[in-house]
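For reference, the structure is listed below as structure tokens.
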Number of protein chains: 4
Amino acid sequence: MPRIGAERLAHRKNDIVAAARAVFTERGYEKTTMIDIARQAGVSDGLAYRYFASKRDLLQAVLDEFYARIIAHNEECVGRAIGFAARLETLIREHVRLLVEDTGLVRLFITEVRSLEGYQGSHTHELNRRYASILTDILVEGMEQGFVDPSVDGRLVRDMVFGGIEHLAWRRILSGQPVDVEEVAASITNLLLHGIKSNAQG
Amino acid sequence: MPRIGAERLAHRKNDIVAAARAVFTERGYEKTTMIDIARQAGVSDGLAYRYFASKRDLLQAVLDEFYARIIAHNEECVGRAIGFAARLETLIREHVRLLVEDTGLVRLFITEVRSLEGYQGSHTHELNRRYASILTDILVEGMEQGFVDPSVDGRLVRDMVFGGIEHLAWRRILSGQPVDVEEVAASITNLLLHGIKSNAQG
Amino acid sequence: MPRIGAERLAHRKNDIVAAARAVFTERGYEKTTMIDIARQAGVSDGLAYRYFASKRDLLQAVLDEFYARIIAHNEECVGRAIGFAARLETLIREHVRLLVEDTGLVRLFITEVRSLEGYQGSHTHELNRRYASILTDILVEGMEQGFVDPSVDGRLVRDMVFGGIEHLAWRRILSGQPVDVEEVAASITNLLLHGIKSNAQG
Amino acid sequence: MPRIGAERLAHRKNDIVAAARAVFTERGYEKTTMIDIARQAGVSDGLAYRYFASKRDLLQAVLDEFYARIIAHNEECVGRAIGFAARLETLIREHVRLLVEDTGLVRLFITEVRSLEGYQGSHTHELNRRYASILTDILVEGMEQGFVDPSVDGRLVRDMVFGGIEHLAWRRILSGQPVDVEEVAASITNLLLHGIKSNAQG
DNA sequence: AATGAATGAGTTTTCATTCAT
DNA sequence: AATGAATGAAAACTCATTCAT
């Protein structure tokens, strides 16, 4: 007599992950209790353990879901853009948007994911790799088409783009100033393409 | 008649701060216990409380000491360099060196300092501001001398430099690959100055 | 679907309060630990915190329960007695009985309740007031009926009765001598009514 | 080379007892730390242990000194009064004064002395006995001279007087109202002598 | 499947007491 | 005699996790 189908089960599980995301991003991993999460999900704390073996696993699920979502989103956006410059700016724009709209999740990611034991080789690491490859692919294509200087180190660009935007997002968060996503993305793209050097001097 | 002078006292205090730095950077703030720190310092846990009123205070001390050290170091290095490009590369180089040599501390800083209650307007915030101004000053000077395009947003550059190097350091740490500080600094400086665009296309 | 009903819940809570009463009265508030109480109640220390937010709260609960019990008991006994003298003696008798049977609780009350922060205006204060008013009401009635000298200060009488019995109870406890409640109550009532002065001299 | 004589030694000891009295009475025994006491006495915390083997011993010393003082004071005052009624009122007056002026010490006494292990047969118990005997002696004398009804139980009177005044003092402390020592003493004496019964009815 | 009562190890912090100097 | 650094044994309280119902 299966009264509750796989559908309902998955639904419950999603509820719990959603609740965990909400509380983790608000309070941070350490300061969040399983009861906080359960209450937020409208279930008992015991039930969470039916779906997730530990608090850590729940974090993993939140992070994976986040990654999957942004990879899908950004891949799609970039796929729709045509040409090197447009693709690059699109990715930068969507990444800025992400950081600005999902700061809590990003912070959670940054502070926790890297301390996840066995990160190397983990599913999360693989997702991370895939996310990064969106940019890498754009750069490789750009190089092949002659838009990008062949001496440029793709990994360095990746660090500057993702690290720089992260830093920017935090600074804005702290100061409370709103961010104009389009404008900031344009500026970053421009900076990345041409650097800071004055043409007069160059 | 204190037989144990202020010297020994300060020494002990330094021992405890050093131990705290070591353990905090290895395990993170939340996962570190006062007993861990005390044991590392070779003292009892009770003694740590003679010098620091709380675990939080100890973190503050670690962070402040760190900031003071790097500000002094980088200001001095930059001060010795002559000319815009040299100054910029010097700062980037020293920042890379810092992140690579002190990754744990940087991570601690990033994950904890920003969640410090009352960060805005705090002593730490002021130190942060001062550290950032080293780069800002270089850029302003560079603009005045015509090396930097006037349309460049200094804060954006700051984000790209500090955020990018941070990201780079982390990636290297995770992968365990060694970093050639001089080479990486040169690459970053070059990237920052000229961007990624191919001259052939530009 | 809670399988363990409110009944069981209340039962547990009562167990813990009872255990707290036992240990507090034996060892005093400060010297009692939550583990002492939990062990006495046959539960873990963590569980006590499910029911009471703090050790202080547990004390409050013990005190309130005590007060409620004695107010109900004494009001009922006094209500059944007819006439001023009988009412007065009844209250004195029941108060003596209380002190003799519940000395530990009374001591707890005396030593702790008065140092309770925010005692003034608290629920406990209100209960205290109500307990005191049982005697006050008897005295007022006695005055109206001409049994009590109008110049008598009711509050003073209250102090003599409650304070005196308290003192007596303690002395007896220390010496370990049994107390004949009826006899002592009669003596106190007599003393209170007529004073110590010899009629021969009066 | 005895540089510091017994005199200075005794002086130090007195300083420490005085400091202990001040802090104990203000904060209570449990909440007072040895460092509080040492600081108040202007000495190091280690030194206190040269004079007193433990915190408990220090409490004992404070209590003994207090007892010795009030016994001497009250015995002297009572000794100067002439006649039963005057002696009785004098003792009551001085006891009220004591409670009102030294509330902290009295509270300390009440809350701590009775939990002193081995109170029975202790020096403090002996002092207590002696203090009580001041009143007993007055009553015995009063009986012999026909002022006091022979059926009166001296111990009961003692309880009413000491317990009653204690209760009164606390009530006043809590309410913050000032106490007119002379007036209150007169009222209590009157109540004790004549009781509350209306003459009209008696 | 679902609950939430129950556990107990772990955390920060305090403080009486000791002892090298 | 005097100091105060140092200890370590608690204590209050929290929370991930388990399990009877």
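Here is how names work: the chains are called A, B, and so on, in the same order as the sequence lines, proteins then strands, and each is numbered from 1.
Few gaps surround CZ on D:Arg27; more than 12 heavy atoms of other groups in view lie less than 6.0 Å from it.
C:Tyr67 places no side-chain N or O within 3.5 Å of a backbone atom of C:His125 that could act as its donor or acceptor partner.
Computed from coordinates, the D:Ile35 CD1 to F:dT7 C1' distance equals 13 Å when rounded to whole Å. Protein atom CD1 of A:Ile16 is 11 Å distant from nucleotide atom P of E:dA1, rounded to whole Å. As rounded to whole Å, 17 Å separates atom C1' of E:dA6 from atom NZ of C:Lys13. The CD1 atom of C:Ile37 sits 15 Å away from the P atom of E:dT7 (whole-angstrom rounding). B:Leu47 has its CG atom 14 Å from the C1' atom of E:dT13, to the nearest Å. Protein atom CZ of B:Arg39 is 18 Å distant from nucleotide atom P of F:dA6, rounded to whole Å. In this structure, A:Asp36 places its CG atom 12 Å from C1' of F:dT14, rounding to the nearest Å. Put simply, CZ on A:Arg50 is 5 Å from P on E:dA1, counting in whole angstrom units.
Between A:Tyr49 and F:dT17 there is a side-chain polar atom (N or O) within less than 4.0 angstrom of OP1 or OP2. One finds no side-chain N or O of C:Arg56 lying less than 4.0 angstrom from the OP1 or OP2 phosphate oxygen of F:dA12. At least one side-chain nitrogen or oxygen of D:Arg12 sits closer than 4.0 Å to the OP1 or OP2 atom of F:dA2.
The distance from atom OG1 of D:Thr33 to atom CG of D:Asp36, rounded to the nearest 0.5 Å, is 3.0 Å. Note: C:Phe24 CZ to C:Lys31 NZ = 13.5 Å, rounded to the nearest 0.5 Å. To the nearest 0.5 Å, atoms CG (A:Asp45) and CE (A:Met34) are separated by 8.0 Å. Here the CZ atom belonging to B:Phe109 is positioned 10.0 Å from the CG atom belonging to B:Leu59, to the nearest 0.5 angstrom.
When the nucleotides E:dA16, E:dA2, F:dT3 are ranked by their closest atom to the side chain of D:Ser44, F:dT3 comes out on top. In this structure, the nucleotide among F:dT17, E:dT18, F:dA1 sitting nearest to the side chain of A:Asp45 is F:dT17. Among the nucleotides F:dA11, F:dT17, F:dT7, the one closest to the side chain of A:Ser54 is F:dT17. Nearest nucleotide to the B:Tyr51 side chain, out of F:dA5, F:dT17, E:dA16: F:dA5. Of all nucleotides listed (F:dA11, F:dT17, F:dT7), F:dT17 comes nearest to the side chain of A:Lys55.
Comparing D:Gly42 and A:Met34, the nucleotide of DNA chain F nearest to each residue sits closer to the 5' end for D:Gly42.
Annotation: proximity of residues 20-30 of chain A to DNA chain E (heavy atom, distance under 4.0 Å) is found for no residue.
Shown here are the salt bridge (Lys or Arg N to Asp or Glu O under 4.0 Å) partners of B:Asp102, two or more places apart in sequence or in another chain: B:Arg69.
The partner of F:dC15 is E:dG8, by the rule that a Watson-Crick or G-U pair needs both atom distances under 3.5 Å. In a base pair of the Watson-Crick type (N1 to N3 plus N6-O4 or O6-N4) or a G-U wobble (N1-O2 and O6-N3), with each distance short of 3.5 Å, F:dT21 is matched with E:dA2.
Side-chain contact between B:Tyr51 and B:Val17 is absent, with no heavy-atom pair separated by less than 4.5 Å.
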